[in-house]
Each structure stands twice: as C-alpha cells, then as structure tokens.
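These notes concern the structure reproduced below.
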Amino acid sequence: MELKIFNTLDRKKIDFVPIDKNNIRVYACGPTVYDYAHVGNARMSIVCDLLIKVLRLIYDNVTYTSNITDIDDKIILAAKTQNVPIEKITNKFLKIYNQDMHSLGINKPDIQPRATEYIEEMIILVEKLIKNKNAYLSNNHVLFHVPSFSSYGCLSKRSKEEQISGSRVEVAPYKKYAGDFVLWKPSKQNEPGWNSPWGYGRPGWHLECSAMSESCLGLPFDIHAGGIDLTFPHHENEIAQSCSLNNEKDPKLFARYWFHNGFVLFNGEKMSKSLGNIQLVNELLKKYPSETIRLSLISSHYRQPLNWNKNLLQQSQATLNRFYRIFLNDENFDEYKYDIKDISDDIIESLLDDLNTPKALAVLNKLINDLSSKSNIKSKNLKKTIYSSSVFLGILKKNPSEWLGIGNKNSKNLNNIEELIEKRNNARINKNFALADDIRSKLNKMGIEIEDQNDRTIWRKIEKDNK
RNA sequence: GGUGCGGUGGCGGAGAGGCUACGCUGCGGCCUGCAAAGCCGUCUACACCGGUUCGAAUCCGGUCCGCACCUCCA
C-alpha cells in the first residue's frame with residue numbers, strides 16, 4: 001500500500017515517502033479557542049482525522065499532533081469584553097471544541113499542545129533567531145526579518161516583491177521591511193504576558209507552531225496540515241522561522257509535505273463573521289445527527305471548496321437513511337463487527353489516492369447496489385464489507401432502527417400509535433380499506449409514517465423539514 | 001496591481017487523452033388493496049474559441065466568468 005498526497009510545496013500529487021517508516025509524524029494547526037468551532041474548523045479536523053486513519057493502515061506508529069492556540073489578541077479582546085481572565089475563555093472553548101469534534105466521530109490527536117505551555121521554548125527560538133541575525137529588536141518588539149530568509153514565499157509561490165505591492169495593510173513604522181512579522185510583542189500590565197529577555201510580553205502568532213511542532217515531533221517531520229487560508233502568511237512564516245534556526249533554506253527540512261484543506265463556503269460565499277453566515281458545529285449538532293454532518297463534510301474532495309447549505313445536509317441524510325435501511329431487518333446485524341480486514345479494497349485504494357472520499361463513497365454505493373443481485377451467503381459477506389468500510393469512514397455506527405426512528409419506545413403516544421396500527425391492520429384484514437386509509441392519514445397528522453412489511457407494520461416519526 | 005484555485009447533466013460530485021463514475025431529483029415500469037420502502041429502466045454533462053491527435057471533458061494557446069489570498073482566518 002502506498003499513499004499519494006498532494007503537496008502544496010510541489011503543487012502536485014506525489015508519493016508519500018516517510019522520513020522514518022517506523023515513526024510517522026504529522027502536525028496540524030488547530031483552532032484559536034475563543035468561540036465555538038465552525039464548520040471550517042470541523043473540516044480541517046475531519047480531514048486530518050481521516051488522513052491519520054489512512055496512514056495507520058500502512059504504518060504501525062503514527063503520531064498526530066494538533067495544537068490549540070490559547071494566547072492571541074482575539075482571545076485577549078474577548079476576555080476584556082467579558083471581564084474575565086483569558087483562561088476562562090480558552091478552557092471553556094477548548095472543552096467545547098473537543099466535545100464537538102468527538103461528536104463528529106473524530107479521534108483526539110495523540111498530542112494536543114497548548115501555546116501557553118510552550119512559552120519557554122518560544123523564547124529560546126527567538127533568542128536563536130536573534131543570534132542568527134534573522135530577527136531584530138525594535139520598539140520593544142522582536143521582529144523576524146523576512147529578507148534574511150531567501151526561500152521566503154516558497155510555499156505560497158509569491159515573491160517578496162509581489163506581496164508588498166497592493167498590500168492594504170498599514171506597515172508598522174518600526175519594521176525594517178514591510179513583510180517582517182512579530183515574534184514577540186510587549187504586553188501592557190493588565191494584559192496576559194510572560195517575562196522575557198525583551199520585557200513583559202507575549203508571542204506572535206506564528207511562533208507557537210514552530211515551537212510546538214519541533215518540541216512534540218522533532219525536525220524534520222512528515223506532514224504539516226491546516227486550512228488553505230493558513231498558507232500565507234502563517235505557514236510561510238513558520239517555514240521561515242524553523243528553517244532559519246539552523247540556517248537552512250530548504251523548506252523540506254522543516255516539514256516534507258504540506259497538506260491543505262479547502263474552504264467551506266455557505267451558499268457560495270465565504271463563511272465569515274462579517275457576513276454573519278458562520279455555521280457552528282455546536283448548533284448543527286442540535287439539529288442534525290452527527291453522521292449527517294460528517295458525511296456532508298466528506299462528500300466532496302478535501303481540496304475542493306465545500307459549499308455548505310441545507311440541501312447538502314438533506315442529501316446526506318437521505319443517503320444515510322438508504323445505507324441504514326440495508327441493515328434494518330437483518331437478523332445478523334449484531335455479527336457485523338468493525339474489522340479493518342473487511343474494508344473494501346477499492347475504498348482503501350480511493351483513500352490512498354490523495355484521500356478521495358467522493359470516490360470512496362461512490363464505491364460504497366456500488367457495493368450497496370450489488371446487494372440486490374447476491375445470494376444470502378454472498379450478501380452477508382458483502383454486508384460485512386459495507387459495514388466495516390462505512391465505519392472506517394465514520395458512518396453507520398448507530399443502530400439502524402434507532403437511526404431510522406423505527407418504533408421509538410420513548411414516544412409520548414406510544415400506546416395510542418400501536419393501538420391505531422392494530423386497528424388499521426384489522427380493517428385491512430376485513431378489507432375495509434377506507435377505514436385503513438383513514439387511520440393512516442390520522443397517524444400522518446400525528447407525525448407518524450407507517451410501512452407495511454411482510455408480517456408486520458413498522459412506524460417512524462416523519463422527519464421535519466424546518467431545520 | 002500581483003498570486004493561486006476553479007468552471008462537468010435539474011442539483012451535488014469524481015475522473016484527467018479512447019472504456020456506464022456515483023448519488024439525489026425527475027420520468028417510465030415492477031411490487032403493493034393503497035401507501036411507504038425496495039427493485040428494474042431512463043434523461044442532449046464537461047464555460048467559449050482555436051490548436052495538437054486517428055481520437056480531447058482530459059494536453060497546448062487564447063477568451064470569458066467565478067472564488068480565494070496579498071499580515072484576523074480552518
């Protein structure tokens with residue numbers, strides 16, 4: 001088995017060749033915890049989770065680190081506004097983030113470092129960069145001097161000159177060069193900060209990832225992941241910092257492969273706070289089953305923009321209903337245990353090809369179509385394949401009856417419903433179809449849909465469409 | 001202004017020189033007292049204009065359109 005992966009550094013799909021096949025190391029830029037996680041955060045999380053699962057099919061030892069940014073100006077602002085210490089905010093939203101991701105069936109990273117736990121390491125990095133003449137002190141700030149790193153722009157494929165022209169951002173007067181970025185900045189006394197050789201202050205945004213990736217994984221490591229919007233400047237600056245520590249120019253001496261997931265759009269527009277179209281995972285989980293959200297997130301290729309809307313969720317819901325139905329009346333259901341060996345080879349092959357989830361789902365659909373033309377024995381094996389393949393993708397983990405809402409025992413009108421169904425079935429036996437239809441429409445009005453099977457009548461709540 | 005990514009059937013969405021992607025919806029049929037579910041079948045797709053080629057949705061050139069990034073972003 002061999003994984004092909006699109007490397008942003010090369011702008012093409014290439015074979016994944018590990019640095020050490022006995023120790024695969026992946027780092028992903030995690031969220032800044034000052035608010036609820038949105039669908040964009042979830043996409044990065046889910047895509048990385050799947051990447052790790054695929055890597056683990058091939059390699060025995062995979063370490064996945066994904067950080068938490070818990071010191072940042074947005075957090076400080078939120079803390080000031082709410083008049084609470086920043087920890088109150090970061091702890092709260094870190095917990096919610098992990099809960100929400102867990103709900104989506106995402107495994108927690110092996111290591112989840114927090115920026116504030118690596119301040120010492122960051123200070124050491126800054127000292128080294130100053131010593132190497134890649135950084136300078138100006139106006140109580142320590143700045144990275146971009147012209148000192150000749151490979152700058154190698155990831156985003158921009159030359160230094162191009163970035164400056166047209167830049168809409170005011171350049172701080174204490175910068176030697178417009179593209180220079182902050183490694184360390186002063187904090188006011190009432191702001192969070194740490195003592196450093198350059199006074200009381202706090203780290204710049206990019207520094208934390210250089211410190212944590214090196215501390216947790218060692219350099220160079222195999223894959224650096226994150227949202228495509230982080231390519232510039234965040235990842236570019238990380239490369240500049242980390243490579244400059246050892247006066248290296250080759251970005252692959254920091255991380256070999258750069259793995260970026262595409263944006264999530266909402267009704268064709270970028271999800272952003274100013275447009276007010278942010279979709280929060282926490283809110284979505286109240287309205288939709290987690291597998292519906294999960295399937296929606298993997299229904300398009302990870303590098304393509306994903307257009308998020310109600311229609312997508314409804315389609316995923318319909319797809320899952322169909323998938324679950326194949327297990328509904330299967331008395332062997334309990335025998336289907338998740339087993340890696342049962343996963344369809346074609347699905348694995350699709351995933352090994354740069355994580356082609358839409359193709360994997362197409363294969364799954366084909367397998368389900370094949371069921372109708374199979375003998376019992378063969379269909380049992382096929383169902384095992386479908387089951388394990390689905391669970392690998394993070395779906396079909398629920399009980400089919402429960403998923404489809406069949407015969408919900410918690411329903412308020414349980415006795416009433418079952419009474420009416422019995423009445424209707426008696427009417428049917430007596431060929432009193434007018435009465436039978438009458439009762440069915442009464443049930444429909446109660447929000448209950450019935451389904452006559454060979455030997456029994458099952459019912460479920462009608463899915464509301466007002467989500 | 002610069003850079004990057006895209007434009008595939010009613011919709012979603014793969015593919016990347018010759019082979020049905022797949023799903024949803026619609027339509028026709030089977031099944032069913034009727035429904036529901038299921039099954040079978042089915043519907044002018046590759047933005048436009050040139051070029052290369054025996055053959056282009058796929059490669060090359062140009063045009064148009066969309067989106068993103070250019071120090072807040074997943």
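None of these values were measured; they are calculated from a predicted model. Chain naming here is simple, since letters A, B, ... match the order of the sequence lines and numbering starts at 1 in each.
Between the P atom of B:C73 and the CZ atom of A:R43 lies a distance of 19 Å, rounded to the nearest Å. Rounded to whole Å, the distance from CD on A:E236 to C1' on B:U3 is 12 Å. In this entry the distance linking CG of A:N261 with P of B:A68 reads 16 Å, nearest Å. Separating the NZ atom of A:K359 from the C1' atom of B:G23 is a distance of 16 Å, rounded to the nearest angstrom. Atom CH2 in A:W459 sits roughly 16 Å away from atom C1' in B:A36 (whole-Å rounding). The distance from atom CG of A:N41 to atom P of B:C72 is 17 Å, rounded to the nearest whole Å. Rounded to a whole Å, the CG atom of A:D346 is 14 Å from the C1' atom of B:A14. Atom NZ of A:K13 is separated from atom P of B:U58 by 18 Å (rounded to the nearest Å).
Nucleotides B:C31 and B:U8, compared at atom P, are 40 Å apart to the nearest Å. A distance of about 26 Å separates the P atoms of B:U25 and B:A47, rounded to the whole Å. As rounded to the nearest Å, B:C48 and B:G6 have C1' atoms that lie 16 Å from one another. Spacing between B:G9 and B:G55 at atom P, rounded to whole Å, works out to 26 Å. Between B:G10 and B:C46, the distance separating the two C1' atoms is 16 Å to the nearest Å. Taking atom P on both nucleotides, B:A36 is separated from B:G29 by 14 Å, rounded to a whole Å. Spacing of P atoms, B:C5 relative to B:C11, comes out at 26 Å, to the nearest Å. B:G50 and B:G66 have their C1' atoms separated by 23 Å, given to the nearest Å.
When Watson-Crick and G-U wobble pairs are counted only if both distances are under 3.5 Å, B:C67 pairs with B:G4. When Watson-Crick and G-U wobble pairs are counted only if both distances are under 3.5 Å, B:C73 pairs with no nucleotide at all. Across every strand in view, B:C46 sits unpaired, with no contact that passes the Watson-Crick or G-U test at under 3.5 angstrom. Judged by Watson-Crick or G-U wobble contacts below 3.5 Å, the nucleotide B:C22 has B:G12 as its partner. Pair check for B:C34 finds none; no Watson-Crick or G-U wobble contact set falls under 3.5 Å.
For A:E451, the side-chain atoms get nearest to B:A36 when compared with the rest of B:C11, B:A36, B:A74. Comparing B:C73, B:C72, B:A36 by their nearest atom to the side chain of A:E449 picks out B:A36. The side chain of A:D229 sits closest to B:C73 out of B:C34, B:C73, B:C70. The A:K366 side chain lies nearest to B:A21 when the options are B:A21, B:C34, B:G13. Set against B:C22, B:A14, B:A36, the side chain of A:R460 has B:A36 as its closest nucleotide. Closest to the A:K74 side chain, of the nucleotides B:A21, B:A14, B:C72, is B:C72. Closest to the A:R325 side chain, of the nucleotides B:C40, B:G33, B:G38, is B:G38. Distance from the side chain of A:N369 is smallest to B:C22 among B:G12, B:A74, B:C22.
Residue-level contact check: A:R11 touches the backbone only, with heavy atoms under 4.0 Å from sugar-phosphate atoms and none from bases. When heavy atoms are screened at a 4.0 angstrom cut-off, A:S350 is found touching no nucleic acid atom at all. In this structure, A:Q304 reaches the sugar-phosphate backbone alone: every heavy-atom distance under 4.0 Å involves primed, P, OP1 or OP2 atoms, never a base. Across all strands, A:G40 comes closer than 4.0 Å to base atoms (heavy-atom distances). Looking at heavy-atom distances under 4.0 Å, A:V264 makes contact with a base. Contact annotation for A:D72: no contact, since no heavy-atom pair falls under 4.0 Å across all strands. Counting any heavy atom pair closer than 4.0 Å across all strands shown, A:R440 reaches a base atom. In this structure, A:D437 reaches the bases: a heavy-atom distance under 4.0 Å links it to at least one base atom across the strands shown. Among the protein residues, A:R424 comes within range of the nucleic acid bases, having at least one heavy atom under 4.0 Å from a base atom. Within 4.0 Å of A:H38, counting heavy atoms only, lies at least one base atom of the nucleic acid. No engagement by A:L364 is indicated, since no non-hydrogen atom pair under 4.0 Å with the nucleic acid exists.
Nucleotides of RNA chain B nearest to A:F181 and A:T319 differ in position, and the one nearer the 5' end is that of A:T319. Residue-to-nucleotide proximity on RNA chain B shows that, of A:A318 and A:P305, the 5′-proximal contact is made by A:P305.
Under 4.0 Å is where a charged nitrogen must lie from a carboxylate oxygen, and between A:R202 and A:E191 at least one such pair does. Using a 4.0 Å cut-off between charged nitrogen and carboxylate oxygen, A:K157 and A:E236 do not count as a salt-bridge pair. Residues A:D49 and A:K108 are not paired through a salt bridge, judged by the lack of any N-O separation under 4.0 Å between the basic side chain and the carboxylate. A:D330 and A:K383 are joined by a salt bridge, as a carboxylate oxygen and a charged side-chain nitrogen come within less than 4.0 angstrom of each other. With respect to A:E208 and A:R114, no salt bridge is recorded, no charged nitrogen being found less than 4.0 Å from a carboxylate O.
Remark: the A:H235 side chain and the A:H206 side chain contain no N/O donor-acceptor pair separated by less than 3.5 Å. No side-chain donor-acceptor contact under 3.5 Å links A:R25 and A:T63.
One finds a side-chain N or O of A:N356 lying less than 4.0 angstrom from the OP1 or OP2 phosphate oxygen of B:G15. Distances shorter than 4.0 Å separate none of the side-chain N or O atoms of A:T32 from OP1 or OP2 on B:C72. Taking side-chain N and O atoms only, A:N444 has no distance below 4.0 Å to OP1 or OP2 of B:A36. An OP1 or OP2 oxygen of B:C24 is reached within less than 4.0 angstrom by a side-chain nitrogen or oxygen of A:R322.
A cation-pi arrangement is absent between A:K12 and A:F6, since the terminal nitrogen or guanidinium carbon is not both under 6.0 Å from the aromatic centre and inside a 45° cone about the axis.
Ring planes of A:Y177 and A:H145: perpendicular class, angle over 60° (limits at 30 and 60°).
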